[in-house]
There are 2 protein chains.
Amino acid sequence: MSNLPDKSVNNKPRRQSRIREAHAAAILRAAEDLFSRNGYNGTALEAIADHANMSKQNLLYYFSSKELLYHRVLENVLDIWVDKMALLDQEGEDPAEMLRNYIRRKVELSRSNPNASKVFAIEIINGAPHLKDYLKERLLPVLEADVQLVRTCIEAGRMDPIDPYHLFFLIWSSTQTYADFSSQIELSLGKDELEANDFQTATDFLTHVIIKGIGLK
Amino acid sequence: MSNLPDKSVNNKPRRQSRIREAHAAAILRAAEDLFSRNGYNGTALEAIADHANMSKQNLLYYFSSKELLYHRVLENVLDIWVDKMALLDQEGEDPAEMLRNYIRRKVELSRSNPNASKVFAIEIINGAPHLKDYLKERLLPVLEADVQLVRTCIEAGRMDPIDPYHLFFLIWSSTQTYADFSSQIELSLGKDELEANDFQTATDFLTHVIIKGIGLK
DNA sequence: GTCTATAAGGGGATAGAC
DNA sequence: GTCTATCCCCTTATAGAC
């Protein structure tokens, strides 16, 4: 195993796969960016290729079809998403602190990955045709666990007897809006672009209203 | 003026304009429906025409281009929207009651016009290229008035000193999610379709959390 | 891995008969 | 107002040379 690198003097296989990885990653980034701005049908492969500094034909060498490329983009997005969706990460911690962290992580995700959020949003709005099964497998288990945790808090009298599912719908929508609806928010605030400051205000506002609103003690 | 109807014995002009109105309305409904499911570029004129029971060529007789048709759909949507966005409708009323009504109206709109909400959402996510100017003219004045009203409440010590803009971002996103993200919500609740019951739960939950969360007295 | 060339189909829009 | 026919561009995808 240790002698394998020596076998190919010019390191061809390794260098090639490095090129492949780099180009594939560049294509995925470009695709996410353009799909988020113009949707699936509104984005031509040639535009993605241009954005990734290569020819359309070369792009098709890396991803054999547009559908496949879109699938890969969606999977990337959802993987990032679900990882941040578990409340339970830190067992034994204060419920209020858990929710605060959850909200903070979600707003942070809207700031760092707005394009991913938008691709995801458009897919959901259109009825999640490519994503429904994957959502069932990946999202539902995490959601059920989180809902159960909230129920435990309610039964212990630590928060108001609200509907746990709707609590998560509220958190998802109110945090993701800073990515998905940024153009409307920018317009409303009279800014060309949202700044770190705005995301901090959003986080503070949402944690205040939600924690207080559900009567979390 | 009163003798004009008698001039045309067979009422041709009147009947023709009735057909025109009916067909135009059918096209607009079909277009809203299909744009909400597949976006602008994902929707073929032929599909809209089929949905409205006419040929593509005939559709183009009523709306001379796809762009124009899309504009009309967007205008319809926004007009419905902005009308419901004014908090101030009932001057002198209790602020808590005003906000409750506002939230109730917005959830009701998500229930009655989900397709309109989705068309609007996709347009905003894509940066509102067709809608920015119209939003500035129609939305901003209403928002500014609403924000001012909230500020007055805060200065009177009737609610917590929260950021008024973010309060509206919260209400917009959390109510519209029941239209825009309905596929995800249905999946989460294990239902094929949201029922009146679910919208009532949503309204009750949101009014509880938001009114309590901003410390409205 | 990257290029040129091209097949194959979809979709917006127009022309003109009825 | 509605129909048939047609134009033409755009886009996905493949074939094959280098």
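Each chain gets a letter, A, B and so on, in the order the sequences are listed, and its residues count up from 1.
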Can you tell me how far [atom2] of [N] sits from [atom1] of [X], to the nearest Å?
X: A:E67; N: D:dT11; atom1: CD; atom2: C1'; answer: 14 Å
X: B:F63; N: C:dT14; atom1: CZ; atom2: P; answer: 16 Å
X: B:L69; N: C:dA13; atom1: CG; atom2: P; answer: 10 Å
X: B:R18; N: D:dG1; atom1: CZ; atom2: C1'; answer: 16 Å
X: B:Y62; N: C:dA13; atom1: OH; atom2: C1'; answer: 18 Å
X: A:N41; N: C:dG10; atom1: CG; atom2: P; answer: 14 Å
X: A:N38; N: D:dC10; atom1: CG; atom2: P; answer: 16 Å
X: B:L60; N: C:dG11; atom1: CG; atom2: P; answer: 14 Å

Listing request: all side-chain hydrogen bond (donor to acceptor under 3.5 Å, both in side chains) pairs with a residue in residues 187-197 of chain B, at least two apart in sequence or in separate chains.
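side-chain hydrogen bond (donor to acceptor under 3.5 Å, both in side chains) check on residues 187-197 of chain B returns B:K191-B:D198.
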
In chain order, what residues pass the side chain to side chain donor-acceptor pair (under 3.5 Å) check against B:E186, with sequence neighbours excluded?
none

Output the residues of residues 42-58 of chain A in contact with DNA chain C, where contact means a heavy atom of the residue under 4.0 Å from an atom of the strand; sort by number or write none.
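Result for residues 42-58 of chain A: A:S55, A:Q57, A:N58, sorted by number.
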
Would you please confirm or rule out a distance under 4.0 Å between OP1 or OP2 of D:dT14 and any side-chain N or O of A:Y61?
no

Backbone N/O of B:L34 and side chain of B:T43: donor-acceptor pair under 3.5 Å:
yes

Can you sort out the partners of A:D204 under salt bridge (Lys or Arg N to Asp or Glu O under 4.0 Å), two or more places apart, ordered by chain and number?
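Not a single residue meets the salt bridge (Lys or Arg N to Asp or Glu O under 4.0 Å) criterion with A:D204.
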
ring-ring contact (aromatic ring centres under 6.0 Å, His included) contacts touching residues 31-57 of chain A (sequence neighbours left out)
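Of all non-adjacent pairs touching residues 31-57 of chain A, those that pass ring-ring contact (aromatic ring centres under 6.0 Å, His included) are A:F35-A:Y40, A:F35-A:Y70, A:Y40-A:Y70.
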
Sequence neighbours excluded - ring-ring contact (aromatic ring centres under 6.0 Å, His included) pairs with any residue from residues 173-211 of chain B
A:H166-B:Y178

